[in-house]
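Numbers here simply count residues along the sequence, with the first being 1. Both backbone and side-chain heavy atoms feed into the values below; hydrogens, waters and symmetry mates do not.
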Amino acid sequence: MKAMIFAAGLGTRLNNETSGKPKALVDVGGKTLLERAIEKLKSEGVSEIVINVHHFSNLVISFLRKNDFGIKIHISDETEKLLDTGGGLKKAEVYFKGNEPILIYNADIISNLDLNLLLKDHLKTKALVTLAVRNRETQRYFKFDQNKQLVGWINKKTGEAKISRRENFENAVEMAYSGIHIVQSEIFSLMPEIDRFSITDFYLELAKTQSINGYFDNSELWMDVGKPEQLEEARSLFS
């Protein structure tokens, strides 16, 4: 399986941490977030990784060239224009030839989720997209019906809702996205013509006609270290 690490974000939530470097190079217990993500993917059998860069892209590129991680790594350069999550994946299409599933992993996630179990579920259901989700408190939730099919999205703070399948929306289970998911390579043929777009909105539109499934993740460790309080928690854990 090939993988993509989303590492192009601005890291605005970390303020002082990212004033002189990208979020992907923030240190947790003597290793950068990017290094932890690469090691996680490699340890679970990923054969090749694409990493997108934008914010302080020169520092990320330099870091990757200076370190030998023992795995083939490609850089998808968004220095000139940040393409958002959907556009970032679309730009990286050139690196994903063939029909094998593609794992997508956010650089600011630390998790012990068994990625092979996620892949096994993805292949079993024959979904176009499988989103790893958790039962945790947040502001924004994906909603899934009894078959774990994505039926919509809701922002609890603002009340905004986006509905993919109205007949199942009201009684659907609310789950928070884990920053990890798998897609089939045919996803590229369904993408919009524009170069910059949100992957969330794209999947919510696809869910009206395609199989976009949830994988309910109950793993012990999951942290979004793009948030200051969870970054400090992670540093304590890995100190």
Using side chain to side chain donor-acceptor pair (under 3.5 Å) as the criterion, list what pairs up with Asp224, not counting sequence neighbours.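 Residues passing side chain to side chain donor-acceptor pair (under 3.5 Å) with Asp224: Arg13.
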
Once side chain to side chain donor-acceptor pair (under 3.5 Å) is applied, do any residues pair with Asp201, and if so which ones, sequence neighbours excluded?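 Listed in chain order: Lys162.
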
Can you pull the salt bridge (charged side-chain N to carboxylate O under 4.0 Å, His left out) pairs that have at least one residue in [range], sequence neighbours excluded?
| range | answer |
| --- | --- |
| residues 31-41 | Lys31-Glu39, Lys40-Glu44 |
| residues 79-103 | Lys81-Asp195 |
| residues 167-177 | Lys143-Glu174, Lys156-Glu174 |

Proximity of Tyr203 and His181 rings by center, below 6.0 Å: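 Under 6.0 Å, so yes.
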
Would you find a donor on one side and an acceptor on the other, under 3.5 Å apart, between the side chain of [X] and the backbone of [Y]?
| X | Y | value |
| --- | --- | --- |
| Trp222 | Ser178 | yes |
| Thr18 | Gly11 | yes |
| Arg235 | Gln230 | no |
| Ser219 | Asn112 | no |
| Ser62 | Asn58 | no |

Testing the 3.5 Å rule here: is there a donor-acceptor pair between the side chains of Thr200 and Arg140?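 Arg140 and Thr200 do not have a side-chain donor-acceptor pair below 3.5 Å.
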
Under the rule for ring pair (Phe, Tyr, Trp, His ring centres under 6.0 Å), what residues qualify as partners of Phe63, not counting sequence neighbours?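 Only Phe69 meet the ring pair (Phe, Tyr, Trp, His ring centres under 6.0 Å) criterion with Phe63.
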
Shortest non-hydrogen contact from Leu113 toward Asp217: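 Smallest heavy-atom distance, with atoms named: CD1-OD1, 3.5 Å.
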
So which heavy atom on Glu186 is nearest to which on Leu128, and how close?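 Shortest heavy-atom contact: CG-CD1, 3.5 Å.
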
List, by chain and number, the other hydrophobic cluster members for Ile154, where Ile, Leu, Val, Met, Phe, Trp and Tyr join if side-chain heavy atoms come within less than 4.5 Å, directly or indirectly.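 Tyr141, which link up through side-chain heavy atoms under 4.5 Å apart, make up the rest of the cluster.
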
Which other residues belong to the hydrophobic cluster containing Leu221, where Ile, Leu, Val, Met, Phe, Trp and Tyr are joined when side-chain heavy atoms lie under 4.5 Å apart, directly or via other members?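 Besides Leu221, the hydrophobic cluster comprises Leu14, Val26, Val28, Leu33, Ile110, Met223, Val225, Leu231, Leu237, Phe238, listed by chain and residue number.
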
Could you note down all residue pairs passing side-chain hydrogen bond (donor to acceptor under 3.5 Å, both in side chains) where residues 65-75 supplies at least one of them, sequence neighbours left out?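 Every side-chain hydrogen bond (donor to acceptor under 3.5 Å, both in side chains) pair that includes a residue of residues 65-75, provided the two are not neighbours, is Glu48-His74.
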
Applying ring pair (Phe, Tyr, Trp, His ring centres under 6.0 Å) as the test, list every pair that has at least one member in residues 27-62; sequence neighbours left out.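 Sorted pair list comes back empty.
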
Exceeds 12 heavy-atom contacts within 6.0 angstrom, atom CD of Glu229: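 Count over threshold, so yes.
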
With sequence neighbours excluded, what pairs up with Ser19 under the side-chain contact (heavy atoms from CB on, under 4.5 Å) test?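 With sequence neighbours excluded, Ser19 shows a side-chain contact (heavy atoms from CB on, under 4.5 Å) to no residue whatsoever.
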
Begin from the C-alpha positions of Ser211 and Gln149 and carry the test side chain to side chain contact (heavy atoms under 4.5 Å, CB included) through to its verdict. CA-CA 7 Å; Ser211 178; Gln149 163 71 36; 4.0 Å; yes

In a table with atom names and distances, give each donor-acceptor pair under 3.5 Å that connects a side chain of residues 101-109 to protein atoms at least two apart or in another chain.
{"residue": "Asp108", "atom": "OD2", "partner": "Lys23", "partner atom": "NZ", "Å": "2.8"}

